[in-house]
Every structure is written in C-alpha cells, then in structure tokens.
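See below for the structure under consideration.
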Amino acid sequence: MRSFLRHVLLPAVMLLVVLTLITGAAYPALVTAVAQIAFNRQANGSMVIVNGQAVGSSLIGQAFSDPKYFWGRPSAAGRDGYDAGDSGGTNLGPTSAQLIANVTAAVEAAQKANGGGPVPVDLVTSSASGLDPDISPAAAEYQVARVAAARGITRDAVRAAVARHTEQPLLGFLGEPRVNVLELNLDLDGLLSPGAGTPGASG
Amino acid sequence: MPLGDLLTLTTLFLAVVLVTPVLGHYIWLAMEGEPTPLRPALRPVERLVYRVSGVDETSEMSWKGYTVAVLVMAGVAILAGYAMLRLQDVLPLNQGGIPAMSPDLAFNTSVSFETNTNWQNYSGEAGATYLIQTGMLAVRNFTSAATGLAVAIALFRGLTRRSAKTIGNYWVDLTRGVLYVLLPISVVGAVVLVWQGVPQTWDPTRAVTTLQGAVQNIAIGPVASQEWIKELGNNGGGFFNANSSHPFENPTPLTNWLEMLALLAVPFALTFTFGRYAGSQRQGWTIFAAMMLVLGVGAVFAMHLEAAGNPLFPAGVDQTVLGNMEGKEARFGAGVGGLFMAVTTGTSTGAVNSWHDSAQPLSGLVPLFNMELGEVTPGGIGAGMYGMLIIGAILAVFIAGLMVGRTPEYLGKKVEAYEIKMAMLTTLVLGASILGFTALATATDPGLAGPLNRGPHGFSEILYAYSSQTGNNGSAFAGLSGDTPFYNITGALAMLIGRYGMIVPILALAGSMAAKRRVAPSLGTFPTTGALWVVLLIGVIVIVGALTFFPALALGPISEQLLQNAGKTF
Amino acid sequence: MGIARSLMALDLGRGTRRFQRFVTLGGAKPGGEAPRPRGVLDPELLRAALPHAFRKLDPRLLVRNPVMFVVELTAALVTITWAAHTTGLEPLPGSSGTGFELQIAAWLWFTVLFATYAEAVAEARGRAQAATLRRTRSETTARRRRADGLLETVGSSELRRGDIIVVEEGQTIAGDGDVIEGVGFVNEAAITGESAPVLKEPGTDIRSSVTGGTTLVSDRLVIRITSNPGETFLDRMIALVEGAKRQRTPNEIALAILLAGLSIVFLMATVTLRPFGAYAGITVDTVALVALLVCLIPTTIGGLLSAIGIAGMDRVARFNVLAMSGRAVEASGDVDVILLDKTGTITYGNRLAASISPAPGIPEAEAVRAALLTSIRDETPEGRSVVELARKRLVELDWPAKAGDDAGLAALAATIAEEIPFRAETRTSGVRTVTSGLVLKGAVDAIAGGLDGPLPPDIAAQADRIADAGATPLAIRDDGRVLGLIELKDTVKEGLVERFAEFRRMGIRTVMITGDNPRTAATIAREAGVDDFIAQATPEDKIAFIRKAQADGHLVAMTGDGTNDAPALAQSDVGLAMNSGTSAAKEAANMVDLDSDPTKLLEVIAIGKQLLITRGSITTFSIANDVAKYFAIVPAMFVSVYPQLGALNIMGLATPQSAILSAVIFNALIIIALIPLAIRGVAFRAAPASELLRRNLLVYGLGGIIAPFLGIKAIDLLVAALHLA
C-alpha cells in the first residue's frame with residue numbers, strides 16, 4: 001500500500017500538477033506573449049476599427065438585411081443569427097423536411113429581393129459556424145443589381161468593390177474564391193481604412 | 001470532384017508522406033531518450049519533472065505496473081477535472097459569469113477530455129471559463145495524447161523485445177511525449193495560427209456595434225494555444241461551439257490545411273516509429289499504406305458526394321459549383337468539408353470544419369464507418385497504431401498464418417490464444433459499447449428525446465454519438481441534444497469503455513508478446529510487408545467493421561440514402 | 001463395439017500397412033496414390049457415423065463447441081415458437097407463419113446435425129482402429145522370473161516396470177520391454193502392420209526393444225519390462241487413435257476463441273436489431289433474427305473445426321506415424337530446420353561399389369575379375385555390391401571367360417582354393433585361387449604393405465581423389481602387384497534431392513548430421529542437396545546445435561532411434577523416434593514412426609501445415625460467406641418499413657421469407673458440402689508463404705464471398721418453385 005502511494009499515486013498526482021503548470025500555464029503564456037508582440041491585431045480578434053470604434057471582426061460575419069448591403073449567409077448562431085457568443089449550425093440532416101422548407105423559403109426570399117434566377121447555394125444554406133464572414137463571388141454577383149439600385153450607383157461600381165474584396169484560392173487551389181461581406185459593405189459605405197485587409201495578408 | 005479539392009487532398013497526403021519519416025524518427029529518438037536538437041534545452045525540465053514527481057526514470061514497469069499507472073493517472077485526472085468543472089464559476093479567470101457545470105455534464109466532460117475524446121455536451125464559448133480551457137481542457141489535450149503515444153510505444157516495445165519482462169516506464173513515456181513531441185510542435189503551430197488570425201488573448205468577450213447598429217458580442221480568448229494541440233493531439237474539443245468551422249479557430253484555407261496536417265502528422269509518423277522499433281521500416285510503411293488507402297478512399301468518397309450537393313433542394317438553388325453548403329463554410333467549400341470530415345474521423349480527433357449532421361447520407365457514412373473501424377486509419381495519436389496492430393495485424397496475421405500452414409506469428413512472435421483473446425476483447429468491447437448504448441437509447445424515452453432529425457437520420461445521430469464516444473473521436477451528428485443526464489452518463493461510460501477497454505488488453509498483449517522468444521523468419525513465414533499484407537490488413541479491419549455494423553448502418557445512412565434517392569423527407 | 005468391429009472388418013482387415021506408402025507432398029488429395037483404398041469417406045463409414053452424430057447432439061457434449069451450441073439453442077427456440085404457435089398460444093412478437101417457422105427450425109436442427117456428423121465421420125476410422133488394437137491388448141499371461149530365479153505365471157496386467165519375463169517361441173510378449181538375453185524374431189504386425197518378423201537381440205540399442213502385444217516367432221527371449229500396465233505403448237496408441245484423450249491444440253483453442261468472439265459480436269449485431277427496428281417503426285420478426293444470427297456466426301468452421309483436427313491426426317496415423325499429441329503435429333508445420341542423420345536417413349547407410357579402376361599397365365578386365373574374385377565369398381553388403389558391379393562390368397567388357405553370367409561365375413568360384421577372411425590385423429580379405437594365386441582387397445595402406453615395390457604414384461593419387469570425394473578406396477593386389485582400386489560410395493536415397501528442394505521453397509532448412517570427416521560430409525551434403533551439415537558430430541553436438549538454432553528463433557525437427565539420441569529428441573521441437581528404436585528414444589520423442597523410416601518426418605511436416613491451412617481456409621470462407629447472407633436477410637427484414645431497402649436485395653430473391661429460408665438452407669448445406677474438404681485437407685503444395693496465401697485468399701476469401709451469392713440464389717429459385725416460402 002505504501003509502495004502504491006509512493007510509486008503510483010504520488011507520481012500521478014504530482015505529474016498532473018507539474019504538467020498542468022507546463023502545458024496549462026507556461027505554454028499558453030508563452031504563446032500569448034509571442035502572439036501579442038508579433039501579431040497583435042490577429043491575437044486580439046482581427047477587429048475592424050472605424051473612427052476609433054470596433055465595428056466588428058473581419059473574420060466574423062454580421063447580420064445584414066438592409067438592401068444597400070450585401071447579405072451574408074443564413075446563420076443559425078444564437079436566436080437571431082450571427083451571435084458571435086453562440087456559434088453553430090442548424091444540424092439539419094440532408095433528408096430533413098425542415099431543411100428543405102428553410103432552403104425553399106430562403107430561395108423565395110432571395111429571388112424576391114434580387115429579381116429571380118437560380119440562387120447560389122451558399123445564400124440559402126446556413127454556414128457551419130453561423131459566423132461565416134464570406135460568400136461566394138456568385139452570391140455577391142447575385143446581389144449586385146439590388147445593392148446598386150439601393151445605393152443608386154452603377155452596377156460596375158459595385159462589381160469593382162466586390163472584386164476588391166474577392167480573395168482567390170491560395171496558390172490557386174487552397175480554399176474557395178470568396179468575398180468578405182463585412183469589408184465589402186464597409187468599402188461601399190466608404191468606411192474602410194487602408195490596411196485593414198484580409199488577415200492573412202497583414203502578417 | 002473539382003481540381004482544387006483534388007489538389008488539396010493530394011498536397012495534404014504528400015505532406016504527410018514527407019513528415020512521416022522525419023517526425024517518426026524524431027519520436028523514436030525522443031521516447032528512447034536519445035539525443036535530439038531539443039534535448040539540451042528540455043532535458044533539465046524533464047529531470048525537474050521527475051524530481052518533483054518522485055519518478056525514478058531508470059526503472060521500468062511490467063505490463064501490469066504500466067497499466068496500473070495509466071489507470072491511476074486517468075482516475076486522478078478525471079477526479080481533478082471533475083472538481084474544476086464543478087467549481088469553474090468561482091475559480092479565477094471566469095471571463096463572463098459562466099456557471100458551474102452540472103454533475104453529469106462535468107462527469108461527461110472530464111471523462112471526455114481525459115479519454116482523448118473531447119466530446120462536448122457544452123458550448124465552448126458559453127460553457128467553459130478561460131481557466132478551464134487552458135488549465136484543464138488543454139492540459140488533458142496534452143496528457144491524453146501523450147498517454148496514447150506512451151501506450152503505443154509500450155506496445156512497440158512489447159512486440160519487438162525478446163523474452164523481456166518490462167515494457168517501459170509510463171511516467172517517463174508520458175513526460176517525454178508531452179515535453180519533446182507535443183509541446184515544441186504546439187508552440188510553433190499556435191504562433192502560426194495567430195499569424196493567420198486565431199486570437200490569443202486573455203481579454204473577455206468584445207462587444208461591438210455592427211454596421212446596422214446591432215450589438216454583437218464577439219467571444220475571443222486564448223484560442224490559438226488550444227487550437228493547435230487540439231488538432232495535433234487528435235483531441236478535437238473546440239474552444240468554440242462551432243469548433244474548427246469557427247473563423248477564430250480556423251480562419252483561412254491555409255490554417256485548414258495545416259490543421260488537417262496536424263491531425264494526420266503524429267498518427268502516421270508513428271508507423272515509421274513502429275518500423276524503427278521493429279527494425280524494418282517496411283513494416284511501418286506497410287501499415288502506413290493500409291491506413292492511407294482506407295482514409296483516402298473514404299475522403300474521396302465524401303468529397304465527391306458533398307461537392308455534388310443535395311438532390312432534395314428546390315430547383316431554384318444553384319449548387320452545381322459549390323455543392324452541399326448546408327453546415328459548410330464558404331472559405332473551405334463543400335468538398336474540403338468532406339475531406340476534413342474523413343480526416344477528423346480517420347484520426348480520432350473529432351474537430352469539425354462543417355457539421356457532419358448536415359452532410360449527405362452516404363458521406364455521413366464515411367465518418368461513422370471510420371469510427372466503427374475502431375479509429376485505426378490512422379486513428380488517434382498512439383491509439384490508432386495500437387488499434388491497428390491489435391485488430392488489424394494480430395487478427396490478420398492469425399488468419400493469414402493459418403492459411404500458409406504455420407501457427408501464426410507477427411514480427412517473429414507467436415500469436416496464440418492469449419493474444420487472440422485480447423484482440424477479440426477489444427473488438428467485442430467496441431461493438432458492445434456502440435451497439436449496446438445505441439440500442440439502449442433507441443429503447444428508452446430519454447434516449448429517444450435526443451435526436452433533432454427524424455427518420456433514419458435520427459437513428460444515425462444516436463449511432464454516431466456512441467460510435468464517436470466509444471471511438472474516442474468526439475465529433476457528432478450534433479443535432480442530438482446530448483446535455484441530458486442520460487446522454488452525459490451513458491456517453492461517459494462509452495468513452496471509458498472505448499478507451500480503457502482498449503488500453504488494458506493492449507498492454508496485456510504488449511506484456512505477453514514481450515515475454516516471448518522471437519522466431520526467425522524464413523520463406524515459410526508470411527511476410528507482414530508488401531502489397532498483399534496491405535490488402536489483408538485492410539480486408540480484416542473493413543470486414544470486421546462491416547460485419548459488426550452493417551445492419552445498423554443499413555438502418556441509418558444507407559436507408560437514408562435510398563430514401564433520399566426516392567425523394568423522401570422526414 | 002459392434003459397429004467398430006464391423007468397421008474393422010471392412011476397413012482394417014489388412015491392417016494399416018496399406019496406408020503407409022507415401023502420398024506425395026502435393027497429393028494429400030484423396031486417392032492421390034493408386035493403392036489408396038476406401039478412405040474415411042467410404043460409404044460404410046459414412047453410414048456408421050450417423051448414430052454417433054445424433055448422440056453428439058446432447059447439449060452437455062455440444063456445449064464444448066460454443067458456436068454449434070448457440071445454433072442448437074436457436075433451433076430449440078424456433079421449435080418451441082413453432083409449437084406454441086401451432087397450439088394456439090401467443091406467438092413471439094413479430095412472428096411469421098407456422099410453415100415458415102417449422103422449416104427454419106428443421107434447417108437449424110440440420111445445421112447442428114451436419115456439424116456433429118462431420119465430427120463423427122472424422123472419428124470413425126480412429127474408433128475402428130482402436131478396436132483392433134484393443135483386441136491385441138487383451139489379457140495375456142507372462143512367465144515372470146522371481147527373485148530366486150524360478151519362473152511364475154502371472155497375468156500381463158500384473159507386470160510392473162523392472163520385472164523380468166521369459167518368452168518362448170509362439171508366445172505373445174506381455175508388455176513393453178528391452179531384450180536382455182537371447183536372439184529372436186518378433187512379428188510386430190499388430191503395431192506396425194508389417195508382417196515380416198523383426199530380429200531382436202540384447203545390447204544393440206536399436207534392436208533390443210520390444211512392444212507388448214507383438215508375437216515371438218522364433219527362439220526365446222528374456223525381457224526386462226519397461227512400463228507399467230495402462231502406460232504401455234499400446235495403451236497410448238489406443239488412446240491416441242481413438243481420440244479419447246484428444247485435447248484441443250493451442251492453435252485450435254486460439255481459433256475457438258476467435259470464433260466465440262465473432263459469435264458474440266454477431267449476437268450483439270442481431271439482438272440490437274430489435275430496438276433499432278423499433279426506432280424505424282417495425283417489430284423485427286424473431287425467427288428472422290434467429291436466422292440472421294445463425295447465418296452470421298461462423299457455423300461452417302465451428303461445425304468442422306474438430307473434424308479437421310481429428311482428420312489431421314488421422315492422416316498422420318495413416319503414414320503409420322504415431323503423434324503423441326495434436327500439438328506435435330501442429331508444431332511440425334512450423335519447423336524450419338530439420339536435422340537429419342546421414343546414415344539411414346539421407347543415404348542407404350551402406351558403402352557400395354561405385355567403380356573399379358585398373359592400375360597402370362593392368363587391363364581393366366583383369367582388375368575387374370580380380371575385384372570379383374576378392375568378393376565372391378564376401379557376404380557383406382559391400383562385398384555383394386562389388387560382385388554385382390564387377391559382373392555387370394565384365395558383361396560390358398565382354399570378357400572371354402564370361403564370368404558375367406552365372407555359369408562363368410560358378411566357374412570362377414570353382415577356382416577358389418582358399419578363402420582368406422577379413423581380420424583386423426591384416427585389414428584385408430580375399431581368396432587364394434588354384435589358377436592365379438593370391439587375390440586380396442583392403443584399405444590402400446594395408447594393401448601397399450604387401451606389395452613387392454612401393455605403391456605406384458598414380459594409384460596413390462587416385463586413392464586420394466576417391467577419399468577426397470567422400471568415398472572409400474579399396475586396393476586390390478595379387479601376390480606382388482597392385483591391380484586396381486574399388487571405389488565404395490555411400491549413396492543418397494532416391495527422391496531426396498527433389499524433396500529437399502521442395503523444402504527449400506517452403507523455407508525449411510535441412511541440416512545433415514554425420515560422424516564422417518568434413519570432406520566426406522561435404523560431398524554427401526552436396527549430392528543430397530542439404531543446406532548444411534555437421535561433420536564428426538557427437539550426440540552432444542546435436543543438442544548444442546538444436547539449442548543454438550532454437551535460441552536464434554528456429555523450430556527444429558529431428559529423427560532418432562538410439563538411447564543417446566533421447567536428449568536431442570527431447571530438446572527438439574518435433575522429435576520423431578523410430579519404432580525400432582529404444583524405449584528411451586520413444587519416450588523422449590513426440591512422434592513415433594511405426595515403420596522406422598526417418599524420411600517420414602517430411603510427410604509429417606506437410607501434414608502439419610495442411611492441417612493449419614485447412615483450418616485457416618475454412619475460417620476465411622466461413623467469415624467471407626457473411627457478406628452475401630447480410631445482403632439476403634437485412635433487406636428481407638426491413639423492406640416492409642423502408643421499401644427502398646429492397647435495393648440491397650441484389651440477388652433478387654423472391655420474397656423476404658424465401659430469402660431468409662434460402663440463407664439458412666445454404667448455411668446448413670455448406671457444412672455438408674465441406675466435410676470432404678475438412679477431412680481430406682486443403683491441397684498443399686510446397687511454395688513460399690506469400691504464394692500460398694495469395695492462392696488461398698483468392699480461393700477461400702474471394703470464393704467465400706462469391707459462392708453464397710450463387711448458392712443462395714439457386715436455393716431461392718428452388719424454394720420459390722416449390723412454394724416453400
């Protein structure tokens with residue numbers, strides 16, 4: 001019994017304590033120190049600052065419903081969507097009647113708002129995180145006419161803005177072409193300060 | 001399949017092939033205390049750990065001693081974790097009034113992280129304090145991964161030592177696994193993640209006013225340090241509820257690729273480490289090939305189906321380019337969602353970058369089947385290797401050995417009744433836990449209250465839950481409402497059974513194999529390398545898995561696919 | 001006993017001798033050799049096994065075989081369900097029609113019966129053989145020498161180890177023992193099937209041991225008894241062939257665990273289908289569940305496993321080799337080093353004349369004639385071989401005196417005036433003839449001593465060459481001249497070179513042990529094609545070699561007969577003792593060859609491998625079968641709730657009930673279909689392991705997946721046509 005305490009229980013307890021200190025305190029502290037010094041903006045959430053105020057994170061999508069803004073993807077995060085404190089998806093299965101109803105409703109709404117035509121699938125399906133900051137270029141193109149009309153500017157001007165915020169796959173194959181909705185809308189509002197590009201580029 | 005998806009898959013697998021020998025060799029050096037570039041810096045820390053813990057690093061353990069040490073460590077860690085979760089509301093670093101976990105949820109969570117499962121019946125950002133995330137959950141990410149690694153190394157020693165009584169020292173293996181293998185890679189990986197946009201701060205949730213004037217509370221925290229080890233250690237427990245689909249956990253396609261590489265790196269590298277112990281790298285590469293083939297076929301299958309979209313969607317949806325985007329992120333795309341799904345379940349990780357629940361029926365079959373194979377392609381860190389060796393190699397060698405007219409042997413060690421007993425025990429334990437708990441849940445009201453979806457998919461959610469927890473995976477068909485006493489407790493039991501029902505027979509096998517003399521190979525010995533052996537290894541694990549779970553899978557994903565083909569919804 | 005006796009008459013009337021001719025390695029196939037008689041698949045034997053099959057249905061016996069026990073339980077369950085159903089009681093939930101239940105019940109009973117029948121058939125021959133042996137053992141009397149030297153008559157069962165008995169001509173030897181006095185011929189037919197009597201004499205190590213139950217056919221022997229009643233060789237033999245004490249071998253136990261484990265897995269997979277089905281909204285039919293369970297659990301191998309083991313032992317017995325345990329037979333499959341004595345095993349053990357060469361200046365015919373003369377009265381094998389060779393050569397040379405033919409030989413013999421026998425001092429032998437004086441043959445140096453001059457250098461060089469090649473040179477001289485050299489050579493047995501080559505392909509290394517000098521040994525080794533040899537070996541060298549090989553991880557087999565072989569036989573993993581050998585050797589070995597033919601070891605190894613291959617192949621086949629059975633039964637079970645699952649009915653089986661019934665029928669019939677394979681064994685050919693595996697995987701793995709698809713479909717067509725379901 002003494003031997004058990006000394007050779008089994010004691011090492012177990014003490015190892016847990018020591019390893020907790022190393023991996024649970026020293027390790028995150030070290031990473032935090034490096035992160036805060038080397039990559040301060042990213043380490044603190046890639047916040048987008050407008051006039052000294054954070055208006056969001058370039059990585060986190062926001063709910064848009066105003067016709068003058070590009071709309072992001074349907075979100076199941078939180079009660080009303082885009083709750084960045086309660087991420088998540090619908091978890092509806094592929095044969096869920098509810099899912100099909102949701103998509104059908106979203107298609108009707110999108111067609112009504114944007115003037116018909118097949119809707120790019122990302123505009124009518126909920127993202128995984130509920131905070132997806134991006135839409136596909138097709139989904140942006142689908143909304144160009146509406147945004148241009150609401151803002152009273154030419155479609156080409158809107159398209160130019162979309163192009164500015166379209167990121168192509170890394171090395172041509174890694175990831176999908178995508179448009180950051182928040183940055184695009186900020187740009188359209190004329191609020192985008194230089195330098196607040198996509199996070200990957202700022203490192 | 002789009003070319004981009006194919007290239008993502010190809011580059012990822014190529015990178016794994018390149019990493020395997022380097023990391024595999026390094027792990028061997030590190031675990032056996034051989035000189036490495038990092039040793040001068042870390043050796044003093046290692047010594048200090050032993051001195052403080054009262055560990056004699058020179059004394060080795062019998063398999064029984066090793067098993068007791070693993071189990072006692074697990075018991076201590078589960079109790080300590082449980083206490084911390086129950087008290088997290090009053091402990092420091094509570095970033096936003098997060099309440100204590102209920103007893104059953106705390107039990108489930110503590111067991112979950114200690115067993116390398118990281119099944120989460122709580123929501124990361126809303127249910128766990130920074131203290132818990134870094135000081136308990138991330139610590140378990142390290143120790144549970146290192147324990148899997150340690151047990152695998154102990155098994156390697158058992159298989160390759162001759163007439164030996166001991167299989168190593170658990171305390172030393174655990175410490176070395178953490179200090180030399182996991183920690184250095186994690187420091188580098190975490191910093192890379194921060195560069196790509198993963199937060200690493202102790203600040204509480206930020207409230208911002210959005211463009212449309214609403215208030216958005218943005219949860220942040222020490223995410224990067226946890227994110228990397230969660231992938232590298234095949235743990236998978238997200239800092240956020242949305243796990244690796246959350247832009248703060250996985251902000252770019254590059255991080256997505258790196259995280260997949262992190263998932264695959266150590267499990268595949270261990271095949272090389274195994275070859276090093278066996279004195280024949282061909283032994284290791286053969287297992288590598290078997291694992292890679294099963295993983296690759298599943299991945300391609302799932303990627304293809306996800307990229308194809310959902311046939312039930314109304315005609316007004318254009319999914320020809322993007323595929324099934326329900327529960328997927330725009331930056332990764334549907335196909336890569338399928339790839340991640342295969343990779344996270346092929347390894348026993350359980351991190352997700354899309355919701356498996358919303359995947360197509362047969363692509364949802366891929367993660368289910370990966371888990372039901374026993375998490376061996378390549379499986380969790382260490383766990384995949386020992387699972388492959390006991391379910392695949394021992395059983396395959398037994399059948400193959402008979403068919404060439406010799407009493408079977410593996411690496412020159414005779415496979416006899418005791419080894420078969422242990423191998424069958426693990427197979428039985430897996431099957432009994434998955435099928436037994438699923439049956440219990442489908443036969444009782446609290447169990448039936450769980451599924452979100454109806455029809456065969458609801459059944460799949462339950463089956464997935466116990467497959468995942470028994471396999472120590474942690475991913476979910478997350479529509480299931482798991483935070484109930486029924487699911488918390490049965491889930492915790494499934495995780496304990498899946499973990500220790502595997503580890504104990506493995507170590508017993510290691511002990512019995514270590515004690516055997518080694519038989520010299522001859523032409524009459526069936527070579528456990530080469531293409532034929534790859535086929536046999538795959539055949540055995542797939543057939544054992546398929547025969548055990550075919551009826552259940554027929555009632556879940558297979559029925560659902562056939563019903564979907566017929567246009568049925570539920 | 002009645003059955004056994006009649007079997008004996010049919011099958012064993014001529015003893016076991018007829019089985020002893022080798023079946024070639026590849027030919028464990030039945031009837032591979034012409035003289036092979038009615039085997040275990042003899043219709044008479046098949047009929048006789050039937051009552052035993054029914055007796056084995058007793059659950060108390062069947063419980064030793066968990067897989068078949070489960071089937072028996074399910075058969076009982078379905079029978080009760082059917083009975084309850086027909087008598088109007090409440091059927092089990094989800095019950096189907098009674099006709100269907102009755103058919104399923106019947107086929108489940110058949111499944112068990114087929115398995116017990118397989119075992120009974122396998123046992124049939126051994127049972128008959130045991131009966132014959134038992135008659136041999138029947139109580140005899142013995143004359144025991146008392147301490148005072150007088151003889152007393154006692155029953156054979158009263159003999160104890162150390163007793164001295166005296167046996168007269170015509171008497172049965174009452175117990176195992178060693179001859180200590182007298183010389184006599186013993187008929188050992190009761191044990192070996194060989195009717196030619198064997199010479200027994202004391203002190204020869206090999207020829208001094210006698211076995212109880214054999215008969216002295218000449219003279220008188222004094223024998224020291226070496227075993228107590230019940231422990232005699234005959235007793236052990238009876239127990240072994242009868243299988244009464246048949247213990248499951250380690251490998252069989254391991255396989256049984258695997259099968260039991262799989263059965264439990266399938267039990268879980270089927271039992272949980274009830275709640276799973278309930279979730280989907282269907283009450284799964286109990287009979288269908290039972291049918292699925294029985295189809296999935298490995299009944300094919302479970303039913304044939306013990307038959308395979310018994311038949312394997314029986315195959316060894318057919319070679320007149322008595323394996324002391326199944327473990328020994330299995331171990332022989334693993335052997336990768338074989339230690340073989342040169343003399344008697346690899347070579348005939350006699351130095352025989354291979355050539356006669358004349359000395360310079362001597363006509364060959366004269367040298368040959370001289371050689372013939374020296375040996376004409378020499379009755380040793382060497383001498384006779386010289387005569388034979390010389391006569392042949394003389395005919396070829398067309399020597400005028402025609403000594404090659406019988407008349408010539410007689411004429412030559414008539415010239416002999418005096419025979420000069422071999423003496424240790426002179427080391428020469430020969431004759432003095434009336435015509436040409438002295439003619440002698442002998443060791444070269446001994447002959448050289450009697451010459452007028454020195455040995456011609458050509459002859460000396462030739463003699464050295466012969467010695468270098470591992471043969472023995474004998475010189476021939478007349479009164480003063482050397483006439484020529486006779487080369488005596490040990491010859492390698494026929495067919496061994498090919499045999500060793502086969503073993504090399506199987507990865508088995510052959511090592512020759514000999515007392516010869518290294519040069520001689522090397523030559524023989526090369527001729528025989530063995531991989532290695534140990535020259536000038538002592539018994540200690542044998543043990544040392546075995547220990548070393550074992551330490552290097554090899555499994556070693558050897559043959560032996562002498563008392564000094566006993567330690568090495570005990571040390572080796574497989575030791576085959578000659579029945580002619582000493583009791584010490586027989587005790588130490590784990591197999592005894594009743595024909596005392598050391599090359600039998602090679603057959604035993606092949607049988608050991610074949611035994612394991614048969615087990616592995618049928619296991620693979622059994623498990624592979626499950627794929628098709630799933631595709632038959634699972635859609636049948638759930639098609640009512642999810643009609644789309646009918647897509648899995650890829651065989652297009654007529655109805656759900658016919659699908660289930662067909663699967664169960666196939667599952668039962670496949671046992672019967674494979675009984676011949678289980679008993680004869682899977683064909684084995686010498687090939688590297690990977691080649692064997694590839695072939696067997698293809699045949700039994702892939703074949704095991706495909707066969708039931710075809711079989712079940714065919715049965716289903718029949719079932720549908722007959723309106724059975």
Side-chain angles (χ1 to χ4, degrees), chain A residues 8 10-16 18-20 23-24 28 31-32 34-35 39 42-46 54 56-57 59-60 62 84-85 87-89 91 93-97 100 103-104 107 118-122 124-125 127-129 132-135 169-170 173-176 178 185 199-200 203, chain B residues 4 7 49 52-55 72-73 76 134-135 139 142 171 190-191 194-195 197 199-201 208 210 216-220 222 225 240-242 245-247 251-254 310 312-314 316-319 322 325-327 329-331 333 354-355 357 360 453 457 478-479 560 564 569-570:
Chain A
V8 182
L10 180 79
V13 172
M14 289 313 296
L15 263 177
L16 186 64
V18 177
L19 292 177
T20 299
T23 62
V31 174
T32 308
V34 175
F39 308 109
Q42 296 97 310
N44 293 298
S46 306
S57 163
L59 293 174
I60 302 291
Q62 294 185 358
S87 57
N91 279 308
T95 54
S96 162
I100 306 307
V103 172
T104 308
V107 168
V119 191
V121 66
D122 54 326
V124 295
T125 49
S127 65
S129 60
D132 197 335
D134 305 312
I135 53 175
L170 185 63
F173 69 90
L174 216 49
E176 296 289 323
R178 58 197 181 276
N185 286 335
Chain B
L7 283 171
V49 171
V52 174
S53 315
V55 169
V72 168
M73 183 73 187
V76 168
T134 53
V139 172
F142 278 100
W171 312 126
V191 171
V194 176
W195 164 53
Q200 179 71 18
T201 172
V208 299
T210 66
Q216 190 180 32
N217 291 305
I218 301 179
I220 48 176
S225 57
F240 301 103
N241 186 52
S245 73
H246 195 292
T252 67
L254 178 62
N310 187 333
L312 296 181
F313 280 178
V317 179
D318 175 11
Q319 46 181 348
L322 295 175
M325 287 301 287
E326 179 66 26
E329 293 285 288
R331 60 193 178 284
S354 71
W355 290 114
D357 218 350
Q360 287 303 297
N453 290 280
H457 198 83
E560 192 185 11
Q564 192 194 44
T569 59
F570 295 89

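The structure displayed is predicted, hence computed values, not measured ones.
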Max heavy-atom pairs within cutoff under 4.5 Å with chain B, candidates A:S127, A:G175, A:G89, goes to A:S127
Judged by atom type as modelled, is there a donor-acceptor pair below 3.5 Å linking the side chain of A:D134 to the main-chain atoms of A:R178? no
Checking B:V55 against chain A: side chain, backbone, both or neither under 4.5 Å from a heavy atom? side chain
For the OG atom of A:S57 and the CD1 atom of B:I218, what is their distance to the nearest 0.5 Å? 5.5 Å
Which one, B:G4, B:G54, B:P222, leads in non-hydrogen pairs under 4.5 Å with chain A? B:G4
Partner chain B: residue of A:L16, A:V31, A:D132 with the largest heavy-atom pair count (under 4.5 Å): A:D132
Against chain A, work out which of B:S354, B:A219, B:G327 has the most heavy-atom pairs shorter than 4.5 Å and name it. B:G327
Contact part of A:V107 toward chain B, heavy-atom cut-off under 4.5 Å: side chain, backbone, both or neither? side chain
Please name the pair of heavy atoms, one in B:L312 and one in A:P94, separated by the smallest distance, quoted to 0.1 Å. CD1-O, 3.6 Å
Can you tell which of B:V76, B:T210, B:V191 has the highest number of heavy-atom pairs within less than 4.5 Å of chain A? B:T210
Proximity breakdown for A:V18 and chain B, heavy-atom pairs closer than 4.5 Å: side chain
Measuring heavy-atom distances to chain A, does B:Q360 have an atom under 4.5 Å in its side chain, in its backbone, in both, or in neither? both
Between A:L170, A:T95, A:T125, which has the largest tally of heavy atom pairs under 4.5 Å with chain B? A:T95
From B:T569 atom OG1 to B:H457 atom NE2, the distance as rounded to the nearest 0.5 Å: 13.5 Å
Starting at CD of B:E326, measure out to CH2 of B:W355 and round the result to the nearest 0.5 Å. 12.0 Å
Name the region of B:N453, side chain, backbone, both or neither, that has any atom closer than 4.5 Å to a heavy atom of chain A. side chain
So, the part of A:P28 with a heavy atom under 4.5 Å from chain B: the answer is both
Has the side chain of A:N91 got a donor or acceptor atom that lies under 3.5 Å from a matching backbone atom of B:D357? no
Residue part contacting chain A, namely of B:F570, when any heavy atom lies under 4.5 Å: both
Pair B:N241, B:H246: side-chain N/O donor-acceptor within cut-off below 3.5 Å: no
Contacting region of B:I220 [heavy-atom separation from chain A under 4.5 Å]: side chain
Residues that A:A35 engages under side chain to side chain contact (heavy atoms under 4.5 Å, CB included), provided they are two or more places apart: A:A43, B:V194, B:Q200
Pick from A:I135, A:T104, A:I60, A:I100 with the largest number of heavy-atom pairs that fall under 4.5 Å of chain B: A:I60
B:Q216 (side chain) donor-acceptor with A:G56 (main chain) under 3.5 angstrom: no
Using a cut-off of under 4.5 Å on heavy-atom pairs, state which of B:A190, B:G333, B:P314, B:G135 scores highest against chain A. B:P314
Donor-acceptor check, side chain of B:E329 to backbone of A:S129, threshold 3.5 angstrom: yes or no? yes
